[in-house]
There are 2 protein chains.
Amino acid sequence: MARSIHVRRPATLASLAAELGVSRTTVSNAYNRPDQLSPELRRRVLETARRLGYPGPDPVARSLRTRKAGAVGLLLTENLSYAFRDPAALGFLEGLALACEGAGQGLHLVPVNPEREDVAAVHRAGVDGFVVYSVPDDDPHLAAVLSRPVPTVVADQPNVEGVDQVGIDDRAAITALAQQLIDLGHRRVGVLCMRLSRDRNDGFASQERQSTAHFHVQRARLNGLADSFGKAGVDWASVRVVERFDHTTASGASAAAQLLDADPQITALVCTSDILALGALTEARRRGLRVPQDLTVTGFDGIAEADRVGLTTVRQPVLEKGRAAGKLLLGAPDPTRPRQVILDTELVLGATSAPPRTSEERWFGP
Amino acid sequence: MARSIHVRRPATLASLAAELGVSRTTVSNAYNRPDQLSPELRRRVLETARRLGYPGPDPVARSLRTRKAGAVGLLLTENLSYAFRDPAALGFLEGLALACEGAGQGLHLVPVNPEREDVAAVHRAGVDGFVVYSVPDDDPHLAAVLSRPVPTVVADQPNVEGVDQVGIDDRAAITALAQQLIDLGHRRVGVLCMRLSRDRNDGFASQERQSTAHFHVQRARLNGLADSFGKAGVDWASVRVVERFDHTTASGASAAAQLLDADPQITALVCTSDILALGALTEARRRGLRVPQDLTVTGFDGIAEADRVGLTTVRQPVLEKGRAAGKLLLGAPDPTRPRQVILDTELVLGATSAPPRTSEERWFGP
DNA sequence: CTGAAAGCGCTAACAG
DNA sequence: CTGTTAGCGCTTTCAG
């Protein structure tokens, strides 16, 4: 297979028109409105274009003129590459890609380095709108996105006044899960959560930190747990919450270890994501704790791997979420008020939750 | 969190300059060359910008002027969303994203519908270059990409004269695998391969079809197998090759079934991808065939799941491939000749390959 | 340090 | 069906 040699951007629409002795409009029409000129002339235009190596209208110039870039920007809080590792993020991405595909829109992944606060990439992105996926409420990139005069949809977090949004009811979802654990009899629980703020804190999270978390998804889940267990007579101040900055199974494992070291009497580990829960399962196994007989472990998200191991968790429709975000962005906006899509979640009772063992059982076996 | 109301694209650089009573250059400099004006003036410019709701230089206009879009286009042969399901593609994507991130370039996923031959999206993409990932040599989107006056890198396939490329030595890789099987004693094998052309053919692939495949990766692997087994005295014309259009484990399972139905004496199933191999393993289990005692199964790629189940396969560095493609595209091109990166592969001897059973063993047990 | 001039390449009325 | 006229919003020499 050979490719034609091309000169450095030689021909333009204007030069083609000159060569043909027609106006630029006519050439433009040949590409954009075939019905506006005779087939014969169009053929001649296209043929001359080929001869001159004219690659067709320049997309950037066209975008400037039409004020349409034909692409949707996606802003993620993590490194781009992280999105390709986290199953939940991936599901979202797939849904969003589906929506873009359907509308013939490109998907422009904005290169963001969470370490540096380099907002320039947001300003440089030639897009018709942004989808922002799960970023902290004080994210400077988010601020940059909002400063651009294009429609924006936020997925999961944060809540931004006046901006379209798609997400789930985190509080309701976690409440159902908590109630289940309470009904099973768990009162002594430990919590593993994801990062609560942009600064790294791999360790216990104070109540202060919990309630001022910059990720409202995590905040809602923690508050929901606190309320549910509070009503069941558990003093939340006594419940240990361990935070991890990196969202990996290794984080889950080390957090579980930290929790179990601090209080071996814990009967249930509540994790705010499946990834963390999978890590917790690994750590339990390492310690010779049987799940669920000796320890209950729960997750959140409902990723495929969770399904496979029978994790008790809350399933949320991540693909649907991505698709909904895309549809919201690409559909006609409602000028009167921001739109909001709240998707359903489902409590999945797996094989990793059971009533706690009594103290006797703990020491003398079942 | 509140957001400021913004009017529909009210302020421009020019209007800002007018308001301030300075030239456009000065305003432009305030954004792009802070050292070119006094801090005081710059502060005034930025402050007025905020007051007027000027969001900063328009990215599209800037791109037109500077002839830089700040993004890399990615062309995939499948639906965008498919890429998020195939682990090998995902690894590539991650590597490419890493490279883009490092260079501060956006990654623009081109929306391609493989059903329709709509090439417009390629022409519309405002990008500085393209990475093309594993498409057939007659793909119209590829042709569209090549017609654009921007640098291009092809990953895996096809070979395009004069175009930078990154890939592996498929022939060498498959030859090592074939030799292993031959050494184990396999002579009666069946082959499962991915799509060989843009038209759907779920069934046996004739030798004609094998050697004229539009995906040279598949072609090279099949030809490599044919040569190796040919040298070992196997008449390739007698070897059944089953093709599947969709690249899923379900395809692998049904292809394995088709092969084993046609010839129950087959001792080894050679699959040109791990995904297909995983499906073949499922089908073998369903039939009560023990792997590797009753049947040898091999894959290609070295995805994580293959590792987990101990599949005998060829590992290729997919992430590295993506990164290499990005580096090639973003680095300085070599004007004298096309660059080519061939990455190393590694034969992974897993637990799914063993010597074939003798006929006696087959009927009377080991 | 600032401004004037000159487009980047294209599309969209509108009039012929 | 074709051409004329006007920019889209910005950057960049090059003088001052």
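Bear in mind that the values here come from a model prediction, so they are computed numbers and not experimental data. Protein chains get the first letters and strands the later ones, always in sequence-line order, with residue 1 at the start of each.
Taking side-chain N and O atoms only, A/Ser28 has a distance below 4.0 Å to OP1 or OP2 of C/dT11. Here B/Arg67 does not reach the OP1 or OP2 of C/dC8: none of its side-chain N or O atoms lies under 4.0 Å away.
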*Going 5' to 3' through nucleotides 2-7 of chain D, assign each nucleotide B (protein heavy atom under 4.0 Å from a base atom), S (under 4.0 Å only from sugar-phosphate atoms) or - (no protein heavy atom that close).*
BBB-BB
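Looking at B/Gln165 and B/Asn159, their side chains do bring a donor and an acceptor atom within 3.5 Å of each other. Using a 3.5 Å distance cut-off with no hydrogens or angles, the side chains of A/Asn29 and A/Arg42 do not pair a donor with an acceptor.
For the pair B/Ser134/B/Leu76, no side-chain contact is recorded, criterion being any heavy-atom separation below 4.5 Å from C-beta on. The shortest distance between side-chain heavy atoms of A/Gln340 and A/Asp164 does not fall below 4.5 Å.
Across all strands, B/Tyr54 comes closer than 4.0 Å only to sugar-phosphate atoms, never to a base (heavy-atom distances).
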*Where do B/Glu19 and B/Arg51 land on the salt bridge (charged side-chain N to carboxylate O under 4.0 Å, His left out) test, with the steps shown first?*
CA-CA 11 Å; B/Glu19 170 82 18; B/Arg51 188 162 55 71; 3.6 Å; yes
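Aromatic ring orientation, A/Phe84 versus B/Phe84: parallel (interplanar angle below 30°, classes split at 30° and 60°).
Whole-Å rounding puts the B/Tyr31 OH to D/dC10 P distance at 9 Å. The CZ atom of A/Arg62 sits 13 Å away from the C1' atom of C/dA12 (whole-angstrom rounding). Rounding to whole angstrom units, CG of residue B/Leu64 and P of C/dT11 are separated by 12 Å. Put simply, CZ on A/Arg33 is 13 Å from C1' on C/dC10, counting in whole angstrom units. Between A/His123 atom NE2 and D/dG9 atom P the separation is 18 Å, expressed in whole Å. Rounded to whole Å, the distance from CG on A/Leu13 to P on C/dA12 is 12 Å. Remark: C1' of D/dC1 and CZ of A/Arg44 are 14 Å apart, rounded to the nearest angstrom. In this entry the distance linking CG of B/Asp58 with P of C/dC8 reads 18 Å, nearest Å.
No donor-acceptor distance shorter than 3.5 angstrom exists from the side chain of A/Thr26 to the backbone of A/Val22, with no hydrogens or angles considered. Within the 3.5 Å criterion, the main-chain N or O of A/His216 finds a donor-acceptor partner in the side chain of A/Gln157.
If one axis is set at each end of the helix from C/dC1-D/dG16 to C/dG16-D/dC1 from five pairs, those axes are 20° apart, to 10°.
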Cut-off 3.5 Å, no hydrogens considered: what does the side-chain donor-acceptor table look like for residues 122-133 of chain B, sequence neighbours left out?
unit_1, atom_1, unit_2, atom_2, d
B/Asp128, OD1, B/Ala69, N, 2.6
B/Asp128, OD2, B/Ala69, N, 3.1
B/Asp128, OD2, B/Gly70, N, 2.7

